[in-house]
Protein chains: 2
Amino acid sequence: MPRDVLHQEQIIQAAIALLDEGGIESLSMRRLGSRLGITAAALYWHVKSRHDLLLLAADTVWGRTPLPALDGLEWRPVLLAMADNLRSMLLRHPWTLAAMTVQPLDGPARNRHDEHLLAVCEASGLTRRDAEQAAQSVVTFAIGSALAATPRPYVSFGLQSLLDGVEARLAART
Amino acid sequence: MPRDVLHQEQIIQAAIALLDEGGIESLSMRRLGSRLGITAAALYWHVKSRHDLLLLAADTVWGRTPLPALDGLEWRPVLLAMADNLRSMLLRHPWTLAAMTVQPLDGPARNRHDEHLLAVCEASGLTRRDAEQAAQSVVTFAIGSALAATPRPYVSFGLQSLLDGVEARLAART
DNA sequence: ACCTGAACACCGTTCAAGT
DNA sequence: ACCTGAACACCGTTCAAGT
């Protein structure tokens, strides 16, 4: 188990390298194997399938998205930063978007990111339900901006408007 | 040209059928050919490549998204309807999302949709620049909601908040 | 436990050759 | 103008067999 986990880790890293270089098409079991000095068939000892490996790779890069500290007082800039970090990670690894089209991701890293976002929204004073919706809206917009290749100033406009709307809802409660 | 265009049209329709049935993986030139009673190689007379065919198919279904009339007075419900129509089209043909990851779409149908959205935003009284940003924000959110599999009530929250923000910007101008 | 070799059932694309 | 056949260089996955 310790040895095997290490191998799987190596395989995922090599897969990410391949994906970053040539996109989703360039991840083939044969190519990946030869890069690791191994047969394509041998990969199946460590990984269930190409499909599964892709999901593992996607969750891994998701885990590289920085999560800003929660102790700051302003929730808006934190949300903006998280959206921007997520968007730029998705643009840096566009194959993650392709991975999402084959199956909704919910690896541990992705879940940790979602929970962090939710925590920020709750800290703003929104009700639990509104915070959940606000958090989901932010990821939705960030993911959409990557897939739709939305230019940065447009992203900023959309996010600001969204948060303005959320803030109005918040103000209406007090 | 008349005959050939008809053939290309048939090929695209058959491709869409295949894609709707089994997703992006199930569109193969060989399978498509055999469904049309033709060799895979023969398809290349009508279509440049599989990649190209996929983009043609995506633009075709984009063209099936209804565009609401512009004569209504309320821009908000029109925008909400357009976002909802787009989202449900994307969910009905999830392979369009995969197509977007291989290349930003800009077929005629897609462009017509974008222009319609822009026209609605401009009719609201926003400046040209703000209208462009608002329109882009709406597609971004709709596309994101399909890829992120955002549940419908969450989509509604996000879109309402976004439009609240836009409306505030509009009110500030007058 | 981990890996190889060979096999199966596929791919996209090109291109000479047919009609 | 439109299509076929054959070929090339690939795929993912399984599985007996090796160590």
Side-chain angles (χ1 to χ4, degrees), chain A residues 1-60 94-96 98-103 105, chain B residues 1-60 94-96 98-103 105:
Chain A
M1 183 227 207
R3 270 281 294 273
D4 188 44
V5 168
L6 269 187
H7 281 226
Q8 168 156 139
E9 206 51 50
Q10 281 171 230
I11 289 171
I12 295 174
Q13 298 305 332
I16 291 173
L18 225 40
L19 288 161
D20 283 345
E21 288 166 29
I24 200 169
E25 311 256 73
S26 80
L27 174 64
S28 87
M29 300 306 264
R30 289 171 144 99
R31 212 185 328 236
L32 179 58
S34 84
R35 184 165 288 204
L36 291 165
I38 233 177
T39 303
L43 288 168
Y44 289 85
W45 181 263
H46 303 282
V47 120
K48 209 165 117 281
S49 63
R50 184 190 116 109
H51 178 258
D52 223 63
L53 177 54
L54 186 62
L55 299 180
L56 288 170
D59 196 61
T60 300
W95 48 271
T96 48
M100 294 181 77
T101 68
V102 335
Q103 188 178 312
L105 302 185
Chain B
M1 181 224 211
R3 268 280 294 273
D4 186 43
V5 169
L6 270 187
H7 281 228
Q8 168 155 140
E9 206 51 50
Q10 280 170 233
I11 290 171
I12 294 173
Q13 298 305 333
I16 291 173
L18 225 40
L19 287 161
D20 283 346
E21 288 165 29
I24 201 170
E25 311 258 72
S26 80
L27 174 65
S28 88
M29 301 305 265
R30 290 170 144 99
R31 210 183 330 233
L32 179 58
S34 84
R35 184 166 288 204
L36 291 164
I38 234 177
T39 302
L43 288 168
Y44 288 84
W45 182 262
H46 302 282
V47 120
K48 209 165 117 284
S49 63
R50 185 192 114 110
H51 177 257
D52 224 63
L53 177 54
L54 186 61
L55 298 178
L56 289 169
D59 196 61
T60 301
W95 48 271
T96 48
M100 294 181 78
T101 68
V102 335
Q103 189 177 311
L105 302 185

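The sequence lines fix the lettering, A, B, ..., with proteins before strands; numbering per chain opens at 1. Only a predicted model underlies this, so the values are computations on that prediction, with no experimental measurement involved.
As rounded to the nearest Å, C:dC10 and D:dA9 have P atoms that lie 22 Å from one another.
Proximity of A:Val47 to A:Met29: side-chain heavy atoms (C-beta onward) are separated by under 4.5 Å at one or more points.
A side chain to side chain contact (heavy atoms under 4.5 Å, CB included) with B:Leu32 is found for one member of B:Leu19, B:Ile38, B:Leu53 and no other, namely B:Leu53.
Residue A:Tyr44 contributes atom OH, which lies 19 Å from atom P of C:dA6 at whole-angstrom precision. In this structure, B:Leu36 places its CG atom 14 Å from C1' of D:dC2, rounding to the nearest Å. Rounding to whole angstrom units, CE of residue B:Met29 and C1' of D:dC3 are separated by 14 Å. Whole-Å rounding puts the A:Ile24 CD1 to D:dC11 P distance at 15 Å. Separating the CZ atom of A:Arg50 from the P atom of C:dC11 is a distance of 15 Å, rounded to the nearest angstrom. One can place CG of B:Leu32 at 13 Å from P of D:dC3, the figure rounded to the nearest angstrom. When the P atom of D:dA9 is taken as reference, atom CZ of B:Arg30 falls 15 Å away, rounded to whole Å. Distance, A:Ile38 CD1 to C:dA1 P: 16 Å, rounded to whole Å.
In terms of phosphate contacts, B:Thr39 brings no side-chain nitrogen or oxygen within less than 4.0 Å of OP1 or OP2 of D:dC3. Here A:His7 does not reach the OP1 or OP2 of C:dA1: none of its side-chain N or O atoms lies under 4.0 Å away. For A:Trp45 and C:dC3, the shortest distance from a side-chain N or O to OP1 or OP2 is not below 4.0 Å. Of the side-chain N and O atoms in B:His46, one or more sit less than 4.0 angstrom from OP1 or OP2 of D:dC3. Here B:Arg31 reaches the OP1 or OP2 of C:dC11: one of its side-chain N or O atoms lies under 4.0 Å away.
Between B:Ala99 and B:Leu54, the shortest heavy-atom distance links the atoms CB-CG, 3.9 Å.
Each of D:dC3, C:dT13, D:dC15 was ranked by its minimum atom distance to the side chain of A:Ala41; first place goes to D:dC15.
Among the heavy atoms of the strands, none lies under 4.0 Å from A:Leu53. No contact: A:Leu43 has no heavy atom under 4.0 Å from any strand.
Between the side chain of B:Thr96 and the backbone N or O of B:Ala58, no donor-acceptor pair lies under 3.5 Å. Checking side-chain atoms of B:Thr39 against main-chain N and O of B:Ala42 turns up no donor-acceptor pair under 3.5 Å.
Salt bridge B:Arg35/B:Glu21: present, at least one basic N to carboxylate O contact under 4.0 Å.
If you take CZ on A:Arg50 and CZ on A:Arg30, they are separated by 13.0 Å, rounding to the nearest 0.5 Å.
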Quiz item: What would the secondary structure line of DNA chain C be in dot-bracket form, counting Watson-Crick and G-U wobble pairs under 3.5 Å, with [ ] for pairs that cross earlier ones and | for pairs with another strand?
Solution: ||.|||||...|||||.||
